[in-house]
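This report refers to the structure that appears directly beneath it.
Values below: all heavy atoms of this structure, side chains included; hydrogens, waters and symmetry mates excluded. Just so it is clear: chains get the letters A, B, ... in the order the sequence lines come, proteins before strands, and each one is counted from 1.
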Amino acid sequence: MKTEFPKAYEPILAEDKWYPLWLENKIFAADNKSEKEAYSILMPPPNVTGILHFGHVLNSTLQDIYIRWKRMQGYEVCWFPGMDHAGIATQARVEKELKTTENLTRYDLGRDKFVDKVWEWKEKYGGIIFNQLQKLGISTDWDRTMFTMDEAPSNAVKEVFIRLFDEGLIYKGKRIINWSPSAQTALSDEEVDFKEIQEKLYTLRYYFEDSDEYLQVATVRTETIFGDIAVAVNPEDERYKHLIGKHVLVPIVGRKVPVIPDVHADPAFGTGCVKITPAHDPNDFLVGQRHNLEIINTINPDATLNENAGEFAGLDRFDARKKVTKKLEELNLIEKAEDYAHNVGISQRGGEPIEPLLSDQWFVNMKPLAAKALEVVQNQEIHFHPNHWIKTYEHWMNNIKDWCISRQLWWGHQIPVYYTEDGQFTAAIDETHAREKLGLSADVKLRQEEDVLDTWFSSWLWPMSTMGWMSDHNTETTDDLNKFLPTDLLVTGPDIIFFWVARMIMATEKFKGEIPFKDVYFTSMIRDGQGRKLSKSLGNSPDPLNIIAKYGTDAVRFTMIFLAPLGQDVRMDVDVDAQDIPSMEIGRNFANKIWNAGRFLNMKYEQAVENNGDNSDVVIDDSNLTTSDKWIRSRYNTTIQKLNNALTEFKVTEYSKILYDFIWRDFCDWYVEIVKIQFNDADSNKQVAIAKFAIDIYEGILRMLHPVMPFITEELWHLLTGKDDNETISTQSTPVPVDTYINIAIEEKLELLQNIVEEIRKLRSSTSIPPSKKLPVAIAIKDANIRTVFDEAKNVIAGMAKCSEITIAESVEKPESSLSSVIREIEIFVSLGDAIDLDQEKERLQKEIARLEGNIRGCEKKLSNERFVSNAPADVVAYEREKLASMKESLTKVKDNLSSL
RNA sequence: GGGCGAGUAGCUCAGUUGGUCUAGAGCACCUGCCUUACAAGCAGGGGGUCGGGAGUUCGACUCUCUCCUCGCCCACCA
C-alpha cells in the first residue's frame with residue numbers, strides 16, 4: 001500500500017495531531033521511583049500575567065532540546081513547569097481592570113475581597129501562557145505544574161521565613177528604601193533602574209543667622225528643603241573649615257541648622273556644600289546617623305508633600321518642586337540655575353522615579369548566605385555557560401547588601417509575623433504557634449503583619465518547593481527531592497542572575513545543603529534588525545504564535561537555535577505590521593528539505609518493492625556496500641559524535657549547524673543523488689536493499705533531529721516505519737556512534753571525488769553548452785588507490801557531472817578540443833568539440849599558471865627559510881614539501897595542456 | 001569610575017590549543033537550469049588588506065600591549 005506523502009510538509013497537521021497524543025500517552029510524565037538515572041530541569045516560572053514572547057521561545061526550545069535528548073538517551077526525565085504570582089504586576093493588572101470595569105479601587109473592596117478577585121482573574125487568564133507554550137511542543141510534565149501561591153510552596157515560604165527570623169537573619173528595620181509611589185510599595189535595589197535625566201540644578205542661598213553672608217548649596221530637589229537638618233562640608237575643605245559649627249537658615253523654612261563636617265561632601269562637586277535631608281536621601285540618611293541628626297519626613301507615600309511643607313502640603317512632589325522653586329526665586333534665594341544631566345532611579349514596575357522613603361521594612365541579612373553560594377560557583381560545582389558570568393556573580397556576592405523583602409501589597413505571601421497589641425512579635429506558621437512562641441494564653445489578640453513578601457522570596461525556593469519540600473510544614477524530604485535534586489540544567493536570562501539564580505543557590509545550600517542545579521545556561525537577548533530589544537512598549541515584538549502559524553513550530557524552534565549563539569545577542573529583521581520574521585525561512589526551508597528527502601526515499605523504497613517484491617531480508621553489509629555507502633555511513637557516525645559533543649558542551653547553535661550541513665550537503669546534495677544513480681544501476685533484487693540502507697540512515701537522522709524538531713520528525717518517523725500512532729520517536733534511543741564505521745580515508749577519497757565532480761561542472765559552466773547536454777570526460781589518476789575508488793564510482797561521477805562517456809586511467813592523451821584542469825595532480829579533460837573557445841581557454845589556463853606559480857614561490861620561500869624548517873613541527877614541514885611537489889607537478893601539467901592548444 | 005562582551009564578505013554570523021585557511025556558511029546579489037524528492041529547489045559565480053597601530057614568533061583572524069567604535073552590567077553623582 002502506498003504511503004500518503006504530501007508534496008510539502010504541512011506543520012499544522014503534525015502539530016495538532018501529535019501533541020495531544022504525546023499528552024495522552026504520558027510521554028512527558030516523570031516517575032520519581034524509576035531505576036533510571038535522573039535528568040531534570042526547572043522551568044523558570046513565567047509570570048501569571050505573562051504572554052508568550054520570543055525570549056520564552058528561545059528559552060523553552062533550549063530546555064526542550066535537552067529534555068528530549070536526555071529522554072531519548074534513556075534517562076528518567078522530569079521538566080518541572082510552574083507559574084509565578086508576580087506580586088506587583090498582577091496586583092496592578094487587576095486594579096486596572098477593577099477601575100475600568102467597576103470603577104472601584106482595591107480599598108473599596110478591602111483586602112480579602114480584592115485577593116479573591118485576583119484569584120478569579122488568575123483562574124480566568126492565568127493559564128494562557130501554558131497553552132501558548134504547548135504550541136511550542138515542549139515536553140514538560142504538566143501534571144506537576146505548580147503556582148507560587150499554591151499551598152505547598154506557600155508553606156515552604158513560611159517555613160523559610162520563620163527559620164531565618166528565628167536565626168536572626170531576617171529583621172525589621174527603619175531604613176531608606178526605594179519607594180514606588182504608583183504601586184505604593186517598597187522595592188528591592190534590583191528592581192530599580194537608573195536613567196539619565198536632564199534637570200535643573202539650583203544653587204540656593206543658606207544665609208547665616210543675622211548676616212548678609214550665605215552658603216551656596218546646590219540641589220535638584222528644591223521640594224526637599226523642608227526636611228533639611230544640616231549643611232555638610234568636607235572636613236578637609238579649607239574654604240569652609242572655619243564655618244563648621246556655625247548655623248545657617250534653611251530657605252523659606254527659616255529653620256536654624258548647623259554646618260557639619262562630613263566626608264560625604266565632595267569639595268570638587270558644585271560649591272562643596274551639601275544640604276542634608278536624612279528622610280529623603282540614602283546618603284543623607286547615613287550622614288544623619290553619623291551625626292545623630294533629627295529626621296524630618298516631608299513626603300507622603302503617595303509622593304505628595306506632608307504638613308511639614310507648610311503651604312506646599314498636599315502638592316505632588318514634582319508640582320511642589322516648581323512652586324517651591326518659584327517662591328525661592330521671588331525671595332531671591334536662588335544663586336543660579338544650571339542644566340544638569342544626572343541619573344535618577346526609575347521603578348522597573350511603574351516606570352516613575354522612585355522616592356527614597358524612610359519606613360519600617362523587613363530585610364534578609366544576606367552576607368551569611370553568600371559565602372557558600374559563592375564557593376560552589378567558584379569551585380565549579382555549578383557551571384555557568386558562558387563561563388564569564390562568574391565574574392558578575394562574584395562581584396555581586398562580594399558586595400552583597402541586605403535584601404528588602406517586604407512589599408506593601410495585598411497580592412502575595414503575607415508575612416507570617418504576629419504582633420500583640422503591646423508590640424511583641426514573632427514569626428510563626430499561624431496564631432496558635434505564635435502565641436506558643438511568645439508564651440501567651442489563647443485569648444490574647446494577635447494581629448498579622450500586613451505586608452507581603454517580595455515575589456522573589458518564593459522564587460528562590462523554587463528548586464525545593466516544586467519538589468514538595470516543607471509542603472506541609474513537616475516534610476524535609478520527598479521522592480522528588482531524592483530523585484531530581486540537584487536539577488541538571490537551568491536555562492535563563494542573565495538579567496535575573498541576581499534576582500533569581502544567585503538566590504536559589506543561596507537558599508538551596510542553606511536549607512538543603514545542596515546545589516540547586518549543575519549547569520546554568522544563560523540565553524541570548526533577542527533583538528530586532530536595528531539592535532533593539534524586542535519589547536511590547538517599542539512595538540517591535542510580533543506574537544510568536546503568528547510566526548509559528550506562518551512557518552511551523554519546528555521551523556521557528558530550529559531557526560531560533562540556529563541564530564542564537566551562546567552568550568551573544570540575536571538579531572533578526574522583524575516586520576511587526578505583517579507579523580513576520582523573514583529569517584524563519586531558514587527553518588521552514590530546512591524542514592521542507594528534510595520532508596522531501598523522506599518522501600523521495602520512501603518513493604524509491606515502494607518502487608523497489610513494487611518491482612521486486614519485499615525482499616527486505618537482503619543482508620546489507622560491507623560486502624555489498626559501495627565506497628559511497630561507506631562514506632555516508634562514516635559521515636553519519638562522525639556527525640553523531642559531533643552532535644553529542646556539541647550538546648554536552650552546551651553549544652546548541654553548533655548542534656543545529658552540524659545537522660543542517662550534514663543533512664543538506666552530505667545527505668541530500670550528495671548521497672541522495674548517488675542513491676538515484678546506484679538504484680538505477682542495480683540489479684532489481686538489490687534495489688530494496690539500496691533504499692533500505694538509505695532509509696536506515698535517514699531514520700537515524702530523524703532521531704538526531706527530534707530534540708529540536710519534534711513534530712516533523714515524529715510525522716516522518718511514522719510515515720517511514722508505519723508504526724502505530726501510540727508509539728513515538730520521543731522514546732526511541734538517540735543514535736549511538738559506531739567507531740568502526742568512521743573511516744577518515746574513505747571520507748577523504750569521496751571528498752576528492754566531489755572536488756572532481758565540481759571541477760567538471762565548473763569547466764562546463766564556463767561554456768555556452770546547455771546543462772542538459774552530456775559531454776565526454778577523461779580523467780587521469782596516477783594513484784592506484786584513488787583510481788580504484790573512482791573506477792567503482794564511474795557512473796556516479798558520470799551522473800553527477802553529466803558525462804556522456806567517462807574514461808578513467810593512469811594516464812590519458814589530452815583529447816582534441818577539450819578543456820583541462822588539474823586538481824591535486826589529477827587531470828580532467830572535458831571534450832567540447834566545435835563549441836570550444838580557444839582564446840578563452842588559453843586565458844583561463846594562463847591565469848591558473850600564474851596562480852600556481854605564485855603559490856609555489858610562497859611555498860619555496862617558506863621552505864628555504866632555515867628557521868622555519870628547523871623550528872616548525874616536522875609534519876607541518878612535510879606537508880609544505882608535499883604541497884610544493886604537488887603544485888609543481890600540477891604546474892607542469894597545466895603548462896603542457898596550454899601548449900597543446 | 002569598575003567590570004564584562006563584541007568588532008571577519010552588503011547583512012547575520014562560523015573559524016576549536018597560532019601552521020592542510022588560497023579565511024568559510026546562510027541570506028542578499030549575478031549567470032544558467034521547471035534534471036519526475038524539494039523553485040521553500042538544483043548547478044555555477046562575484047564579493048573580505050579578518051576595527052587601527054605596535055609587539056611576540058620561522059609563521060597571527062587566532063597570543064600580548066595599546067588605541068578607536070558599539071553593546072551590556074554594577075557603582076554613584078548633592
- [ ] For Val672(A), answer base if it contacts any base atom (sugar-phosphate contacts may also be present), sugar-phosphate if it contacts only those atoms, and nothing otherwise; contact means non-hydrogen atoms under 4.0 Å.
- [x] base

Task: Base partner of G7(B), which must satisfy Watson-Crick or wobble distances under 3.5 Å - done: C68(B)

Open item on the list: Under 4.0 Å, counting only non-hydrogen atoms across every strand here, what does Phe562(A) touch: a base, just sugar-phosphate, or nothing?
Closed with: nothing

Open item on the list: Considering every strand and a 4.0 Å limit on heavy-atom distances, what is the contact class for Asp573(A): base, sugar-phosphate, or nothing?
Closed with: nothing

- [ ] Report which part of the nucleic acid Pro873(A) touches: base, sugar-phosphate, or nothing (heavy-atom distance under 4.0 Å, all strands).
- [x] base

- [ ] Could you check how far CD1 of Ile744(A) sits from P of U20(B), rounded to whole Å?
- [x] 18 Å

Open item on the list: Using 30° and 60° as the class boundaries, would you call the ring planes of Trp595(A) and Phe5(A) parallel, tilted or perpendicular?
Closed with: perpendicular

Open item on the list: Whole angstroms only, please: what is the CG-P distance between Asn596(A) and A37(B)?
Closed with: 10 Å

TODO: Using a 4.0 Å heavy-atom cut-off across all strands, classify Tyr340(A) as base, sugar-phosphate, or nothing.
DONE: sugar-phosphate

Task: Sugar-phosphate only, base, or nothing, as touched by Glu394(A) at under 4.0 Å among non-hydrogen atoms - done: nothing

TODO: Please give the nucleotide sitting opposite A25(B) as a Watson-Crick or G-U wobble pair, both distances under 3.5 Å, or none.
DONE: U12(B)

Task: Pairwise P distance for A54(B) and G71(B), with rounding to whole Å - done: 28 Å

Open item on the list: Strictly by Watson-Crick or wobble contacts shorter than 3.5 Å, is anything paired with U17(B), and which nucleotide is it?
Closed with: none

TODO: Using only side-chain N and O atoms of Gln568(A), determine if any of them is under 4.0 Å from OP1 or OP2 of G71(B).
DONE: no

Task: Check: U22(B) base within 3.5 Å donor-acceptor of Arg851(A) side chain - done: yes

- [ ] Using only side-chain N and O atoms of Trp396(A), determine if any of them is under 4.0 Å from OP1 or OP2 of G2(B).
- [x] no

TODO: Measure the distance from CG on Asn592(A) to C1' on A37(B) and round it to the nearest whole Å.
DONE: 10 Å

TODO: May I ask you to decide whether Lys200(A) forms a salt bridge with Glu338(A), counting only side-chain N to carboxylate O separations under 4.0 Å?
DONE: no

Open item on the list: Between the side chains of Lys862(A) and Glu880(A), is the shortest nitrogen-to-carboxylate-oxygen separation below 4.0 Å, so that they form an ion pair?
Closed with: yes

Task: Phosphate-side-chain proximity, Asn589(A) and C38(B), N/O vs OP1/OP2 below 4.0 Å - done: no

Task: Distance-only donor-acceptor test (3.5 Å): side chain Lys391(A), base C4(B) - done: no

Open item on the list: I want to check one thing: is the phosphate of C38(B), taken as OP1 and OP2, less than 4.0 Å away from some side-chain N or O of Lys7(A)?
Closed with: yes

Open item on the list: If you compare every side-chain N and O of Lys676(A) against the phosphate oxygens of A37(B) (OP1, OP2), does one of them come in below 4.0 Å?
Closed with: yes

Task: Spacing between Trp670(A) atom CH2 and A37(B) atom P, to the nearest angstrom - done: 18 Å

Task: Under-4.0 Å side-chain N/O to phosphate OP1/OP2 contact, Lys802(A) with U35(B) - done: no

Open item on the list: Any salt bridge linking Glu394(A) with Lys391(A)? Criterion: basic side-chain nitrogen under 4.0 Å from a carboxylate oxygen.
Closed with: no

TODO: Indicate, with a heavy-atom threshold strictly under 4.0 Å, whether Thr219(A) touches base, sugar-phosphate, or nothing.
DONE: sugar-phosphate

Open item on the list: Counting only side-chain nitrogens and oxygens, does Lys533(A) get under 4.0 Å of the OP1 or OP2 atom of G71(B)?
Closed with: no

Open item on the list: With a 6.0 Å cut-off on the ring centroids, do Phe498(A) and Trp396(A) count as close?
Closed with: yes

- [ ] Output yes when Glu199(A) and Arg321(A) qualify as a salt bridge under the 4.0 Å nitrogen-oxygen rule, no when they do not.
- [x] yes

Task: Under-4.0 Å side-chain N/O to phosphate OP1/OP2 contact, His342(A) with A78(B) - done: yes

